[in-house]
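In what follows, a structure is listed as structure tokens, so that the remarks can point back to it.
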Amino acid sequence: MDFFLEGSQTQMEEKIVSLKQQGLTLKQIAEQLDMPVGKVQYAWRKWRSQNGEVTKPTTAPKKSSNEGKDRMKRNEKEAPTVGQVASTLHHEEPKQSPLLETGPDGFWKLPDRYDVDLMHAVVQSPNAVYVFWEVSDAVKETLTMQFMRPWEDLPKAFRILDITLLDYTSGHANRSYTFELPEMTNSWFVRPLDPNTTYVFEFGIRTMEGEFLPLVASMPIDTPRNEPAGVGRFAEPVRRWQFGEVESPELLDTLPKYSAYRCVR
């Protein structure tokens with residue numbers, strides 16, 4: 001079946017070539033063979049490409065000599081001088097940021113560290129916070145000389161401070177918790193935490209006496225609620241106080257201020 005189709009295609013091309021050599025146009029050949037013009041054009045181009053014939057480019061119509069001279073004069077006026085061309089091609093190399101290094105295959109990559117002292121905390125949920133930090137080389141060298149031990153040998157620690165309703169700079173905290181960190185650690189998922197609470201996180205080392213020495217600290221961060229406002233065991237006392245049914249908040253007479261704040265703020 002394939003041989004029959006190939007033979008029919010060859011015969012059709014031979015007919016088209018024969019009629020074309022007789023001086024007929026492609027449109028006349030299509031009408032005589034009862035075929036679409038596009039199919040005839042495709043067969044004719046295919047035969048010419050197989051036989052090494054290349055379509056000659058059409059020549060543009062000749063223009064008068066006066067018109068060509070006028071155009072040359074205009075181009076000479078508009079064309080920039082050699083100095084102008086050189087100035088447009090000359091440009092400064094783009095400045096490269098010192099914080100970037102050339103990665104594989106010509107891609108850019110961010111550095112592993114920036115040699116600064118920082119700590120940032122990002123809330124993940126009412127019970128979890130992601131914290132990452134960095135300590136500069138200058139601080140590491142200072143601690144190495146002060147404790148006479150390499151930075152890698154100094155025990156690292158992480159502290160969580162609950163400072164709800166307190167000023168962190170005053171040095172007070174409602175509660176705190178400190179735990180050891182593995183060496184080469186620069187981030188941590190802190191959980192489980194309490195919702196609707198203000199926290200500060202610190203990274204530091206343990207001294208020879210076992211005391212915690214903070215090196216970097218985060219800004220105070222609030223964990224969100226895990227329930228709608230006004231819902232809970234204190235909802236009814238707060239409602240009576242808000243609508244003026246009592247002169248003072250009933251819960252403050254029996255509960256500490258901190259516990260009341262955690263449930264109504």
Side-chain angles (χ1 to χ4, degrees), residues 99 109-136 139 154-207 210-265:
L99 301 179
K109 66 176 183 179
L110 292 176
D112 297 331
R113 57 193 305 271
Y114 294 91
D115 194 22
V116 293
D117 299 312
L118 61 87
M119 173 175 275
H120 293 295
V122 182
V123 173
Q124 297 293 310
S125 70
N127 305 105
V129 172
Y130 175 71
V131 185
F132 61 95
W133 61 89
E134 181 180 337
V135 179
S136 64
V139 173
L154 295 174
K156 313 303 187 298
F158 190 89
R159 183 162 66 178
I160 306 171
L161 298 170
D162 177 358
I163 61 165
T164 308
L165 282 180
L166 296 177
D167 182 11
Y168 169 69
T169 58
S170 65
H172 300 288
N174 296 304
R175 50 183 174 167
S176 64
Y177 176 69
T178 306
F179 58 91
E180 306 298 325
L181 283 177
E183 180 60 32
M184 302 295 292
T185 304
N186 60 0
S187 63
W188 200 265
F189 275 99
V190 187
R191 53 192 173 194
L193 297 174
D194 291 334
N196 197 29
T197 306
T198 304
Y199 287 101
V200 165
F201 306 98
E202 296 177 341
F203 170 77
I205 62 172
R206 291 282 192 184
T207 63
E211 297 180 355
F212 176 75
L213 176 62
L215 302 179
V216 289
S218 70
M219 297 293 293
I221 188 171
D222 296 328
T223 54
R225 294 175 177 268
N226 61 351
E227 61 182 12
V231 176
R233 57 181 296 191
F234 303 108
E236 184 58 26
V238 171
R239 187 198 63 80
R240 289 198 294 267
W241 174 64
Q242 286 179 336
F243 288 92
E245 298 178 6
V246 293
E247 294 182 359
S248 61
E250 300 172 74
L251 54 98
L252 294 181
D253 296 335
T254 56
L255 296 174
K257 179 181 179 183
Y258 174 63
S259 298
Y261 175 79
R262 285 170 53 83
C263 297
V264 300
R265 72 166 182 158

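- Applying the side-chain hydrogen bond (donor to acceptor under 3.5 Å, both in side chains) definition to pairs two or more places apart or across chains, those involving residues 116-126 are Asp117-Ser136.
- For Glu211, there are no side chain to side chain donor-acceptor pair (under 3.5 Å) partners, not counting sequence neighbours.
- Using a 4.5 Å cut-off on side-chain heavy atoms (C-beta onward), Pro126 and Asn196 make no contact.
- A ring-ring contact (aromatic ring centres under 6.0 Å, His included) with Trp188 is found for one member of Phe203, Phe132, Phe201, Phe179 and no other, namely Phe179.
- We find the CG-CG distance between Asp115 and Leu118 to be 10.5 Å, quoted to the nearest 0.5 Å.
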Residues Val129, Leu193; criterion side-chain contact (heavy atoms from CB on, under 4.5 Å); working and verdict
CA-CA 8 Å; Val129 172; Leu193 297 174; 3.6 Å; yes
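- We find the CD-CZ distance between Glu245 and Arg240 to be 7.0 Å, quoted to the nearest 0.5 Å.
- Considering Asp222, Asp194, Thr164, Val190 as possible partners of Tyr199, the one that fulfils the side chain to side chain contact (heavy atoms under 4.5 Å, CB included) test is Asp194.
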Tell me, with the steps shown, if Lys156 and Glu180 meet salt bridge (charged side-chain N to carboxylate O under 4.0 Å, His left out).
CA-CA 6 Å; Lys156 313 303 187 298; Glu180 306 298 325; over 6 Å; no
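- For the atom pair OG1 of Thr198 and CG of Leu165, the computed distance is 7.5 Å after rounding to the nearest 0.5 Å.
- With sequence neighbours left out, the side chain to side chain contact (heavy atoms under 4.5 Å, CB included) criterion links Thr169 to Asp167.
- By the side chain to side chain donor-acceptor pair (under 3.5 Å) test, Ser187 pairs with no residue at all, sequence neighbours left out.
- At a threshold of 4.5 Å between non-hydrogen side-chain atoms, the residues Ile221 and Val123 count as touching.
- Atoms CD1 and CZ, on Ile160 and Arg191 in that order, are 12.0 Å from each other to the nearest 0.5 Å.
- With rounding to the nearest 0.5 angstrom, the CE atom of Met119 is 11.5 Å from the CD atom of Glu134.
- Every residue two or more places apart in sequence or in another chain was checked for a ring pair (Phe, Tyr, Trp, His ring centres under 6.0 Å) with Phe243, and none qualifies.
- Partners of Asn226 by side chain to side chain donor-acceptor pair (under 3.5 Å), not counting sequence neighbours: none found.
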Show your reasoning for whether side-chain contact (heavy atoms from CB on, under 4.5 Å) applies to Arg113 and Asn186.
CA-CA 10 Å; Arg113 57 193 305 271; Asn186 60 0; over 6 Å; no
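- Glu202 has its side chain out of reach of Leu215: every pair of non-hydrogen atoms, C-beta onward, lies at least 4.5 Å apart.
- Taken from CD1 in Ile163 to OG in Ser170, the straight-line distance is 8.5 Å, to the nearest 0.5 Å.
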